[in-house]
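All values below come from the heavy atoms of this structure, side chains included, with hydrogens, waters and symmetry mates left out. Order of appearance sets the numbers: ligands from 1, and atoms from 1 within every ligand.
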Amino acid sequence: MNAVAHPFHPSAIAGALSIQGLSKQYPLKGKPVSVLENIDLDIRPGEFVSILGASGCGKSTLLRLVVGLDQDYQGQILLDGRPVRGPGLERGIVFQDHRLFPWMTLQQNIALALKNHAMAATLKDRLVAEHIELVGLSGFESAYPHQLSGGMAQRAAIARALVNKPKVLLLDEPLGALDALTRVRLQQELQRIWLQEGCTVIMVTHDIEEALYLGDRVIVMDAHPGSIREDLRVDLPHPRERDSALLHGYKQRLLAELIGR
Ligand SMILES: Nc1ncnc2c1ncn2[C@@H]1O[C@H](COP(=O)(O)OP(=O)(O)O)[C@@H](O)[C@H]1O
Ligand SMILES: [Mg+2]
């Protein structure tokens, strides 16, 4: 199927994200506790950035702020030079759990993401079909979420996040609940989809190999308060081979860095 010229972003220009001096507190027993402290992060359009870090170091909080779900913070979050103020169609997110509506089919779940757009129903149908194909789920349009495997449901969640052609795709441990084999397959798929769509991606993961296989950069975060410890550039072209010796070298470096401290 040929890609449909998209009505919102005809040229599908990926977003540049600039996070400057970002700090965030949550109240704990009435007192503010620092969760993120002075995060500076510049991400180029179309870059794939992996974020690694222990549980509780603020990775999900960081993504929530970038999505615009929480505006109570200090510092700046700029998308293509403009401050992020609340959720917007140019930013899509996928969580560890698919969050599809159980009473809707795959097709209806994805179409729902387009509901606020005044565009012809036939165009919506084409965009939905195109994105179902993009994630390899053609033939399952009428399936309900309970009829999909975990991996298929995550593919559906990715299609739903991408159907609006976001400039930035945020992935919060999207493959974290999947078995090892499905996970490896979906990593490969994510690489293909990202290369095809050209969007900027920030992916949180616990898996060092996953972070290195996909990321142009791997950001390692420290906890209490959440801050950036390491910003490693993975200088290898895409698509990558999982068993490349160069990738293995990066893994050794990263492990030494993580365990060495
Ligand atoms: N809504 C909230 N209210 C209070 N504390 C929160 C809230 N959400 C997260 N936290 C706390 O903020 C810290 C970071 O959480 P989170 O961003 O979910 O970490 P991560 O995704 O890295 O595991 C944790 O200590 C967590 O308990
Ligand atoms: Mg989290």
* Asked: Based purely on interatomic distance, does P27 place a nitrogen or oxygen under 3.5 Å from a nitrogen or oxygen of ligand 1?
  ->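 Not met; the criterion fails.
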
N/O separation below 3.5 Å, S55 to ligand 1 |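 The answer is no, given that S55 and ligand 1 share no N or O pair closer than 3.5 Å.
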
Would you say atom 26 (C) of ligand 1 makes contact with the protein, given that contact here means a non-hydrogen protein atom less than 4.0 Å away?
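False for atom 26 (C) of ligand 1.
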
| said: Does the protein place a non-hydrogen atom closer than 4.0 angstrom to atom 19 (O) of ligand 1? | reply: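 Under the 4.0 Å cut-off, atom 19 (O) of ligand 1 does have protein heavy-atom neighbours.
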
Would a 4.5 Å heavy-atom cut-off, applied to side chains only, mark [X] and [Y] as touching?
X	Y	result
L123	H117	no
R91	L17	no
D235	Y250	yes
V49	D216	no
L232	E257	no
I228	I39	yes
R155	I158	no
F140	I132	no

Q) Quick one: which of L63, L36, I51, T61 has a heavy atom closest to atom 16 (P) of ligand 1? A)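 Heavy atom nearest to atom 16 (P) of ligand 1 belongs to T61.
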
- Heavy-atom contacts with G58 under 4.0 Å: which atoms of ligand 1 show up? List them by number with element.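 So the answer, numbered in order with elements, is 14 (C), 16 (P), 17 (O), 19 (O), 20 (P), 22 (O).
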
Find all atoms of ligand 1 within a distance of less than 4.0 Å from any non-hydrogen atom belonging to S60, and give their numbers and elements.
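Near S60, meaning under 4.0 Å from one of its heavy atoms, ligand 1 has 17 (O), 18 (O), 20 (P), 21 (O).
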
### Query
Can you tell me which residue and heavy atom of the protein come closest to atom 23 (O) of ligand 1, and the distance to 0.1 Å?
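So the nearest neighbour among protein heavy atoms is G56 N, 2.7 Å.
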
Requested in this report: Name the closest protein heavy atom to atom 11 (C) of ligand 1, giving the residue it belongs to and the distance to 0.1 Å.
Outcome: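 Among all protein heavy atoms, the one nearest atom 11 (C) of ligand 1 is Y26 CD1, 3.8 Å.
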
- request: Quick one: look at V35 and ligand 1, take heavy-atom pairs under 4.0 Å, and tell me if it's side chain, backbone, both or neither.
  value: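 V35 to ligand 1: side-chain contact only, backbone stays beyond 4.0 Å.
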
Would you say T61 has an N, O or S atom lying under 2.8 Å from the Mg ion (ligand 2)?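 Not a single backbone or side-chain N, O or S atom of T61 is under 2.8 Å from the Mg ion (ligand 2).
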
